[in-house]
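This report refers to the structure that appears directly beneath it.
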2 protein chains.
Amino acid sequence: MIRVLIAEDQQMLRGALSTLLNYEVDIEVIAQANNGKEAIELIHQLSPDVCLLDIEMPIKSGLDLAEEMFEAGSVCKVIILTTFARTGYFERAIGAGVHGYLLKDGPSEELAEAIRRVMNGQKMFSPELVFNHIKQDNPLTSREKEVLKLVASGLTSKEVSAHLYLSAGTVRNYMSEIINKLEAKNRIEAITKAKEKGWI
Amino acid sequence: MIRVLIAEDQQMLRGALSTLLNYEVDIEVIAQANNGKEAIELIHQLSPDVCLLDIEMPIKSGLDLAEEMFEAGSVCKVIILTTFARTGYFERAIGAGVHGYLLKDGPSEELAEAIRRVMNGQKMFSPELVFNHIKQDNPLTSREKEVLKLVASGLTSKEVSAHLYLSAGTVRNYMSEIINKLEAKNRIEAITKAKEKGWI
DNA sequence: CATTTAAGATGACATTTGTCATAAGAAGAA
DNA sequence: TTCTTCTTATGACAAATGTCATCTTAAATG
């Protein structure tokens, strides 16, 4: 019996998938979590064989969770299940070492099969992702990402500089460089583009 | 046997819900649609008893579809199934005369029950919606909304003014007023807040 | 070891953004 | 028929944003 944990904040989908998987004779959903924090506790308590993780969840994202698990030496298989085909997410997941990455836009029937394959040591990725993976590298340095994230959260340049203990001019320079790199007209377009590509 | 159509663009959820509902002895999912346009054709061909409609779908939204159906005198029951607790959507759905409005954040078990009740002439609404429906009115005028939408798409004030055949100063005034109304620090925060509340 | 890149800074400058006072015309409500 | 709200506009001003050139130091790469 494959023991599965599902972490997904949309209750309707989580419930439906659990019921569905429980109909499979060799699969049992032993736990459901609403967010990454809840999931981490349940994983410690129950050590499931496979974790199905959504990415965008409150408190702690599925990617954060996966990275933590592997760092801590977890042997649990991890399948990311998300709406987002963003290259950034996919790359980060691969880098973390996940065993599968499926899109919510795929057929639900394949899910049980994916779980079995992953348990069998194989990897499972949505084909459209592998195909689209023409390395859209993040052109931003880590500092630039930090700055852009703060600006995207609504802070002014001056506030960002106070936050990061930088001079106001430096932040302005960073923003200028970011806008230039992303070929944007202004910070708003830069934010939109960076989010689309999964760069922040 | 209650004959059900599901229109939902996220294949995983659509598939899972269909399978789930088909396990119910008195319910049969007779059709699945990827978008509003596909749904409308299937409804004409098959006249289902109940339609489960997502709101945000490509080509034609679930709300557009529901309104069209009732205008055309359809007797099919309509249940909106969506992620969004936005007051605007809810109000529009009520106005159109839908028979149910459920959130994807609710339990999947209740779905079958909701379908039965609606067939029985009752209405079904997610309690949090009715409760939260303390009229979070959109403080923006329609012109202000237009301006903010364009700014959110990355245009500068000047570009917006060219777009709407207004003077640059007028657009600046609008933005100033918008920022003031939404109690934001700058346009970026205004955009975030307005999107959160579903005001643009 | 030389070179490149990232991080950080300054200064000068032009442009954009945000605020405020003020005003006129149109439409709708009391 | 007033009164209010919405749309549109100007002008003036302060603050924020974006661009560019230039410079230092540290770390990484060849």
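Naming: A, B, ... by sequence-line order, numbering from 1 per chain. Keep in mind that what you see is a predicted model, and the values were worked out from it rather than measured. The basis for the numbers below is simple: all heavy atoms, side chains too, and nothing from hydrogens, waters or symmetry mates.
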Just wondering, do [Y] and [X] contact through their side chains at under 4.5 Å, heavy atoms?
X	Y	answer
Leu148(B)	Ile191(B)	yes
Ile79(A)	Met124(A)	no
Asp54(A)	Thr82(A)	yes
Pro139(B)	Leu182(B)	yes

Atom-pair distance ([atom1] on [X]; [atom2] on [N]), nearest Å:
X	N	atom1	atom2	result
Lys185(A)	dT17(C)	NZ	P	11 Å
Ile178(B)	dT19(C)	CD1	P	11 Å
Lys158(A)	dG18(C)	NZ	P	14 Å
Ile191(B)	dT17(C)	CD1	P	11 Å

Q: Look up atom NZ in Lys181(B) and atom CD in Glu144(B), then write down how far apart they are to the nearest 0.5 Å.
A: 3.5 Å
**Q.** Distance in Å, Phe70(B) CZ paired with His99(B) NE2, rounded so as to fall on 0.5 Å steps
**A.**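 Rounded to the nearest 0.5 Å, the CZ-NE2 separation comes to 4.5 Å.
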Q) Counting only non-hydrogen atoms, which of residues 147-157 of chain B are less than 4.0 Å from DNA chain C? A)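 DNA chain C contact set from residues 147-157 of chain B: Thr156(B), Ser157(B).
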Q: Sugar-phosphate means primed atoms, P, OP1 and OP2; the rest is base. With that split, encode nucleotides 25-30 of chain C 5' to 3' as B, S or - using protein heavy atoms under 4.0 Å.
A: ------
**Q.** Strand contacts (DNA chain D) in residues 164-177 of chain A, 4.0 angstrom heavy-atom criterion
**A.**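 By residue number: Arg172(A), Asn173(A), Ser176(A).
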Listed partners of [X] passing side-chain contact (heavy atoms from CB on, under 4.5 Å), at least two apart:
X	answer
Glu113(A)	Arg116(A), Arg117(A)
Asn180(B)	Glu177(B)
Glu146(B)	Arg143(B), Leu164(B)

**Q.** 5' to 3' contact window, DNA chain D with chain B (heavy-atom distance under 4.0 Å)
**A.** dC6(D) to dA12(D)
**Q.** Where at least one partner belongs to residues 156-170 of chain B, residue pairs that pass salt bridge (charged side-chain N to carboxylate O under 4.0 Å, His left out), sequence neighbours excluded
**A.**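 For residues 156-170 of chain B, and leaving out neighbouring residues, the salt bridge (charged side-chain N to carboxylate O under 4.0 Å, His left out) pairs sorted by first residue read Lys185(A)-Glu159(B).
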Under 3.5 Å, side-chain donor or acceptor atoms of residues 58-65 of chain B against the rest of the protein: list the pairs with distances, not counting sequence neighbours.
residue  : atom : partner  : partner atom : Å
Lys60(B) : NZ   : Glu68(B) : OE2          : 2.6
Ser61(B) : OG   : Leu63(B) : N            : 3.3
Ser61(B) : OG   : Asp64(B) : N            : 3.1
Asp64(B) : OD1  : Arg92(B) : NH2          : 2.7

Q: Can you pull out how bent the helix from dC1(C)-dG30(D) to dA30(C)-dT1(D) is, comparing the axes over its first five and last five pairs, to 10°?
A: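 The end axes of the helix from dC1(C)-dG30(D) to dA30(C)-dT1(D) are about 50° apart, to the nearest 10°.
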Q: Looking only at non-hydrogen atoms, find the nearest pair between Leu53(A) and Leu5(A) and report the distance.
A: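 Answer, listing the atom of Leu53(A) first, then Leu5(A): CD2-CD2, 4.5 Å.
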Q: List in chain and number order the residues that pass salt bridge (charged side-chain N to carboxylate O under 4.0 Å, His left out) with Glu38(B), two or more places apart in sequence or in another chain; answer none if no residue qualifies.
A: none
Q: Supply the members, apart from Met57(A), of the Ile/Leu/Val/Met/Phe/Trp/Tyr cluster built from side-chain contacts under 4.5 Å; use none for a lone residue.
A: none
**Q.** Position toward the 5' end of DNA chain D (nearest nucleotide), Ser142(B) or Arg187(A)
**A.** Ser142(B)
Q.
Side-chain heavy atoms nearer than 4.5 Å, only ILVMFWY residues, links allowed to pass through others: does that put Ile40(B) and Leu46(B) together?
A.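 Per the 4.5 Å side-chain linkage, Ile40(B) and Leu46(B) are co-clustered.
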